[in-house]
Amino acid sequence: MTVFLHNTLTRKKEEFKPIDPKKVRVYFCGPTVYNYAHIGNARAAVAFNLLAKVLRYAYGQKHVNYVSNLTDIDDKIITASQQTGEDISVITKKYAEIYNEDMAALGVEKPDAQPRATGYIPQMLAMIDKLVKSGHAYAAEGHVLFSVPSFPDYGCLSRRNRDDMIAGARVEVAPYKKDPADFVLWKPSTDNQPGWDSPYGRGRPGWHLECSAMNEVLNGNHFDIHAGGEDLIFPHHENEIAQSVCAHGGEAYVNYWMHNGWLMVEGQKMSKSLGNVILVHDLLERVSGEVIRFALLSTHYRQPFDWTEDLLQQSKRTLDRYYGLLRNVRDIKPVDLDAPLTVVEALEDDLNTPKAFAELAVVARMLSTAATEEEKAEAKGALLAAGKLMGFLQQDAAAWFQDGSDVMDIQSLIDARDVAKKNKDYKKADAIRADLEKNGVILEDTPQGTRWKRK
């Protein structure tokens, strides 16, 4: 079995060669836990959860160390605390738990390690000390900054020129910086901000430093794969490389960098200003997490992704069809099989989920056309094994329809209401709304269309 991955560092698809096949080490940049996760957060979590599944399939369940952090000290968290009056620890604990619950509903298992930034402050300060002593960082007015000119390979990941890097980072113009591109490793905290004592004064770490320090402890100085959203390539991952390489005497940091593409909603950029931010927590109130996972994997992880209601409903219909096939053979014991080679090869080819979905459909057709009980048992086993590798079709088929079969009926009533409104038949539209509300379904009309949730 050979896994191929697109490496952002080289801009090429390469054969994956682990440093140690007995311990493949992976790091995925997790969320900043101050609010509910949106569908863009979920896309990255689902994509790289699939990566972990494929690597475990290739190298063995016990031979992959998958680490994903939670950022629990950040200016956004501080702002949320000031706005709500809640202690930062209360906010981060609440949203970390919600994030894990929501991701679990999408079939995303908890990582082997889920470090929180605040648990690694001593290691961050130790790394800063190394960088200062080696001349790659300097203290200035309560700050410690990384000296970008001290690292000639800066820009190797993003491949931006110096002017673009400075503009892209939206750097703070500060008199204490020796160079405009220098970035913060440590910054001072006021009395009403969280902080830790350090040789440079009471303060808190810079965001980029956190991941480097946590990886040093949990994955070592040099590890296999670092994954995250495309928006993190610069400056976050660029800065990680610089500080880690320099802190470890020039040793390489990561061999393969993987990044998922941008997400849009109904053809528009997802943003608060447009009012089209879709929260996973809200979405789960009206649709199964498995449907969301299926929709998110329908596009290749590196490609731009357009989240639409039509895609969500199509994903539900496809899963309904597959579960329907399994329900039809519920009394037949499946043959215990490995995932079909065609599905495995598609996923080992840089997580080619569109190809894997096509092969999954072939397996489903085999089940639908199977004539004998022996053929049905084999096809059922193949479908279940393929689904397990991708994170689908592991629920009881009868329970699937009992739990979610009314979703399409609800959508049909919403569609009928939309038609009535267009025809100015407001009496009928109101009657549909009232009927749905009577059955525990609340409608919300938005510029992007009608959304619904259960009471």
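Just so it is clear, the model here is predicted, and its values are computed rather than measured. All residue numbers refer to positions in the sequence shown, counting from 1.
Considering every non-hydrogen atom in both Val343 and Met390, the closest pair reads CG1-SD, 4.3 Å. Considering every non-hydrogen atom in both Ala181 and Val148, the closest pair reads O-CG2, 3.2 Å. Between Thr299 and Pro304, the closest heavy-atom pair is CG2-O, 3.7 Å. The minimum heavy-atom distance between Gly387 and Gln394, with the atom names listed, is C-NE2, 3.7 Å.
Side-chain contact of Tyr36 with Asp282: a donor-acceptor pair under 3.5 Å is absent, judged by distance alone. Residues His6 and Asp350 have side chains that never bring a donor and an acceptor to within less than 3.5 angstrom of each other. A donor and an acceptor atom, one from each side chain of Trp262 and Glu230, are located under 3.5 Å apart. A side-chain donor from one of Asp320 and Trp400 sits under 3.5 Å from a side-chain acceptor of the other. Counted by atom type alone, Asn49 and Glu109 present one or more donor-acceptor pairs between their side chains at under 3.5 Å. Between the side chains of Glu216 and Ser212, no donor-acceptor pair of N or O atoms lies under 3.5 Å. Side chains of His259 and His237: a donor-acceptor N/O pair is present below 3.5 angstrom, by distance only. When only modelled atom types and interatomic distance are considered, His136 and Ser150 share a side-chain donor-acceptor pair under 3.5 Å. For Asn215 and Tyr253, the side-chain atoms include at least one donor-acceptor pair closer than 3.5 Å. In this structure, a donor-acceptor pair under 3.5 Å is absent between the side chains of Ser68 and Gln114.
Judged by distance alone, with hydrogens and angles left aside, the side-chain atoms of Asn255 form no donor-acceptor pair with the main-chain N or O of Asp224 at under 3.5 Å. For the pair Glu290 (side chain) and Leu393 (backbone), a donor-acceptor distance under 3.5 Å is present. Thr92 places no side-chain N or O within donor-acceptor distance of the main-chain N or O of Asp72, the cut-off being under 3.5 Å. Judged by distance alone, the side chain of Asn328 and the main-chain N or O of Gly324 form a donor-acceptor pair under 3.5 Å. A distance-only check finds no donor-acceptor pair linking the side chain of Arg286 to the backbone of Leu283 [under 3.5 Å]. Between the Arg330 side chain and the Arg327 main chain, a donor and an acceptor come within less than 3.5 Å of each other. Not a single donor-acceptor pair under 3.5 Å links the side chain of Gln123 to the backbone N or O of Ala213. At distances below 3.5 Å, at least one donor-acceptor pair connects side-chain atoms of Asn7 with backbone N or O atoms of Trp257. At distances below 3.5 Å, not a single donor-acceptor pair connects side-chain atoms of Ser147 with backbone N or O atoms of Ala137. Using modelled atom types, one side-chain atom of Thr318 and one backbone atom of Gln314 make a donor-acceptor pair closer than 3.5 Å.
Side-chain atoms of Asp349 and Glu345, non-hydrogen and from C-beta on, never get closer than 4.5 Å to each other. Side-chain contact between Thr71 and Val33: absent, with no pair of heavy atoms (C-beta onward) separated by less than 4.5 Å. For the pair Cys29/His226, a side-chain contact is recorded, criterion being any heavy-atom separation below 4.5 Å from C-beta on. Residues Phe357 and Phe392 form a side-chain contact, since some pair of their non-hydrogen atoms from C-beta on lies under 4.5 Å apart. Side-chain contact between Gln395 and Ser288 is present, with heavy atoms from C-beta onward closer than 4.5 Å. Taking 4.5 Å as the limit, some side-chain heavy atom of Leu185 sits within range of a side-chain heavy atom of Gln243. Contact check for Ile292 versus Ile39: side-chain heavy atoms found under the 4.5 Å cut-off. Within the 4.5 Å cutoff, the side chain of Ile278 has heavy atoms near those of the Trp307 side chain.
Ion pairing of Asp129 with Lys133 is present here, as a side-chain N (NZ or NE/NH1/NH2) and a carboxylate O approach within less than 4.0 Å.
A cation-pi arrangement is absent between Arg43 and Tyr301, since the terminal nitrogen or guanidinium carbon is not both under 6.0 Å from the aromatic centre and inside a 45° cone about the axis.
The aromatic rings of Phe294 and Tyr322 stand perpendicular to each other, their planes meeting at an angle above 60°, with 30° marking the opposite boundary. Below 30°, between 30° and 60°, or above 60°: for Phe48 and Phe28 the angle between ring planes is between 30° and 60°, a tilted geometry. Ring geometry, His143 versus Tyr176: the interplanar angle falls under 30°, so the pair is classed parallel (tilted spans 30 to 60°).
The distance from the CG atom of Leu347 to the CG atom of Leu297 is 9.0 Å, given to the nearest 0.5 Å. Rounding to the nearest 0.5 Å places CD1 of Ile73 at 8.5 Å from CD of Gln193. A distance of 10.5 Å separates OG of Ser134 from NE2 of His248, quoted to the nearest 0.5 Å. From Ile225, atom CD1 reaches atom CE of Met258 across 6.0 Å, with rounding to the nearest 0.5 Å.
More than 12 heavy-atom neighbours from other residues, nucleotides or ligands sit within 6.0 angstrom of CD on Glu375. A 6.0 Å sphere centred on NZ of Lys388 holds no more than 12 heavy atoms belonging to other residues, nucleotides or ligands.
Glu359 is linked by a salt bridge (charged side-chain N to carboxylate O under 4.0 Å, His left out) to Lys355, counting only residues two or more places apart in sequence or in another chain.
The side-chain hydrogen bond (donor to acceptor under 3.5 Å, both in side chains) contacts involving residues 20-33 comprise Tyr27-Asn69, where partners must be two or more places apart or lie in separate chains.
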Where do Tyr138 and Asp182 land on the side-chain hydrogen bond (donor to acceptor under 3.5 Å, both in side chains) test, with the steps shown first?
-> CA-CA 10 Å; Tyr138 58 93; Asp182 294 350; 2.6 Å; yes
Could you list the donor-acceptor pairs under 3.5 angstrom formed by side chains in residues 379-386, with sequence neighbours left out?
| unit_1 | atom_1 | unit_2 | atom_2 | d |
| --- | --- | --- | --- | --- |
| Lys380 | NZ | Val329 | O | 3.0 |
| Lys380 | NZ | Ile332 | O | 2.8 |

